[in-house]
Every structure is written in structure tokens, then in C-alpha cells.
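Each ligand, and each atom within it, is numbered from 1 in the order the structure gives. Reckoned from all heavy atoms, side chains included, excluding hydrogens, waters and symmetry mates.
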Amino acid sequence: MIGFLAAAALQMTAAEQCDVELVVLGVGQDGGIPQINVQADPAWEDESLRHRVVSLGVVDHESGTRYLFEATPDFREQVHDLNAIAGTSGAPDGIFLTHAHIGHYTGLMFLGFESMSADNVPVFAPPRMQDFLTNSGPWSQLIAYGNIRVDEFQPGPRPHDVQPGEPDYSENPIQSMETSRLRVDPLHVPHRREFADTVGYRIQGPEISVIFIPDIDSWEEWAEWGTRIEDIVMENDLVYVDATFFDDHELPGRDMSAIPHPRVTETMDLFQDYPDEIRQRIRFIHYNHTNPIRYDDSAETQEVLERGYRIAREGERICL
Ligand SMILES: [Zn+2]
Ligand SMILES: [Zn+2]
């Protein structure tokens, strides 16, 4: 593991500069920015203010393989951009899904019969998510027609009580995806689970490791499950974390106390006394259309940067 990446790494434009790289393909919450029915959002007029739904891509330039994290409503553009960076075409070599909320998996539909008719794209998802895709239309048709296959990929044992209706994975070993230059491990996280369980991912490249946790209900609940975000940040080089809401004043007229997701302010406070090089590892992602960090010139964006944190933006490229 090396220390924090220099800002120069972000300015890299030539794909050939690293063997394996990660690219940020989307940073918004599930509903996208601008969001439907928010007529006054300036991004309808000014396309430079738009953001795509949260997604990361990984390209292994040596083997020519590409991996996508999440299949979002912006899947078409994100696959295009991933292929443009890799200099390839076709479906990704693997798609990692975190959970069954609309911003994170519905892009799979473009792999189907009505669109690109992909051939057996491996889709990695936690066990209940695999069951959901296998047993519910229209996703089951993707499997029946051989457009995708849902690989066995199970989060490891976790200490929290198994919820009603949830399988107990405690007997299952951790399963990961591993190539000669890349390893991806799921991290089970607490997040409302109507149809499926939720994971984040740890992506280990030849040099550095990156954590991707776009959706989580709370850091405290995760700690009760046995994983502390403080340890995750200390043990990895870059950590993309849930930044759905900036603070509790963001949804006027709504009591936000019952709405999950660690606020950006809360996460910043948590790491306030850590050294600069640790705080710089944290990159906020998955922001709601109401979150002012979506704008480069907002006071809140300025505050995040001044406090030593980073905000993920589309096009950010990192050598893994
Ligand atoms: Zn989400
Ligand atoms: Zn969610």
C-alpha cells in the first residue's frame, strides 16, 4: 500500500500511463442530477451542472478487460465512456452491483434482447440480490436469454443478527473476484433491504486499494456489525463514501432525523482530528440533487475541500 495519491494522478489523461486504472463514471444519487420533477433545477438549462448516477469503472490495460461498478440509469453513457478509455467495445467483462435500489442495477436492462443483447456478462452481486435477479422479471429474462450470468459471490460472515427472511451467510467463506492484477471483495453494509442485501466493495489493484460504499445507513450500525469506518480509512488508500446529504437542513419541511445516510458533515467531523494524508483519502460520492457539493462553486464544496476532504467528480482517474 502506498500513501495518498498526488493530485497529479487525477490530471492524468493518457490511459497508457497505468496498467490498471479506476475512473469515476458517475457521482449522483439514484434519481440523478437534475432529478425528475424538479423543474427549477438549473442543470436542465446548463448541462455542465448535470451529474450521472454513481458508478466506477476499472480498466486493466494489459489484458484489455473492463469492469463496471453499478449498472445505473446512465448505463449507456457509462459503458461508452468505459470503452472509450479502454479503447474497446462491447459489454464490460464484469459488473459489480451493490444493491437493488433503482440507481444501482436497473441499467442492466440495456444488456437485454431489446438493446445490445449481450452474451453472458458476469454480474457479481450479494446472495439475496442474486436471488432477486434470478426470480423477478424483467431481470430473470436476462438470465434466461443468456445476456447475463449471476456469479456466486457472497459476502463473508458478519456478526450482526440475521434479519427475518435473510439467508445466514455465516457458514459461507468470502468469495472474491481475482485476476493477476486485480482483486475485488464485497463488504456487507447496513442499508434498507426491501429486495436484496447491500454490499460495498474493496478494489485492490497492483499498487493501491480503493473502497466504494455508495449507500450505507449509518457508520454506527456498521460498527455494531463489526466494521469501523475509521479502520477502513486507515487500511486503504482511497475511500469513496456515501454523501447523499450534506447536513440535516437540506430537505426543507422534512424531519430528516428518520432518514438514514451519514451526513457529509458527520463524516467530516468523524475524521476532523486525523492527519491530512488520512482525511484526503475520503472522497464523497452518491450525492442527492439537493446536496450543494454537486456545485463546484458552492460554500459547502469549499468547506469540504478546506477541511481536507475530496469530492468525487466524473472523469476522475486513478492509477490502481
Ligand atoms: Zn443509492
Ligand atoms: Zn440504496
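- The side-chain hydrogen bond (donor to acceptor under 3.5 Å, both in side chains) test applied to Glu45 returns no partner, not counting sequence neighbours.
- Exactly one residue among Leu238, Leu187, Ile282, Asp237 makes a side chain to side chain contact (heavy atoms under 4.5 Å, CB included) with Ile211. That residue is Leu187.
- Aromatic rings of Phe124 and Phe96 (six-membered ring for Trp) have centroids within the 6.0 Å cut-off, being under it.
- Comment: Asp276 engages Arg279 in a salt bridge, judged by a side-chain N to carboxylate O separation of less than 4.0 angstrom.
- For the Zn ion (ligand 1), the tally of protein N/O/S atoms lying closer than 2.8 Å stands at 4.
- Just one of Glu70, Gln78, Arg76 meets the side chain to side chain contact (heavy atoms under 4.5 Å, CB included) condition when paired with Asp74; it is Gln78.
- Here the side chain of Tyr67 pairs no donor or acceptor atom with the backbone of Asp60 at under 3.5 angstrom.
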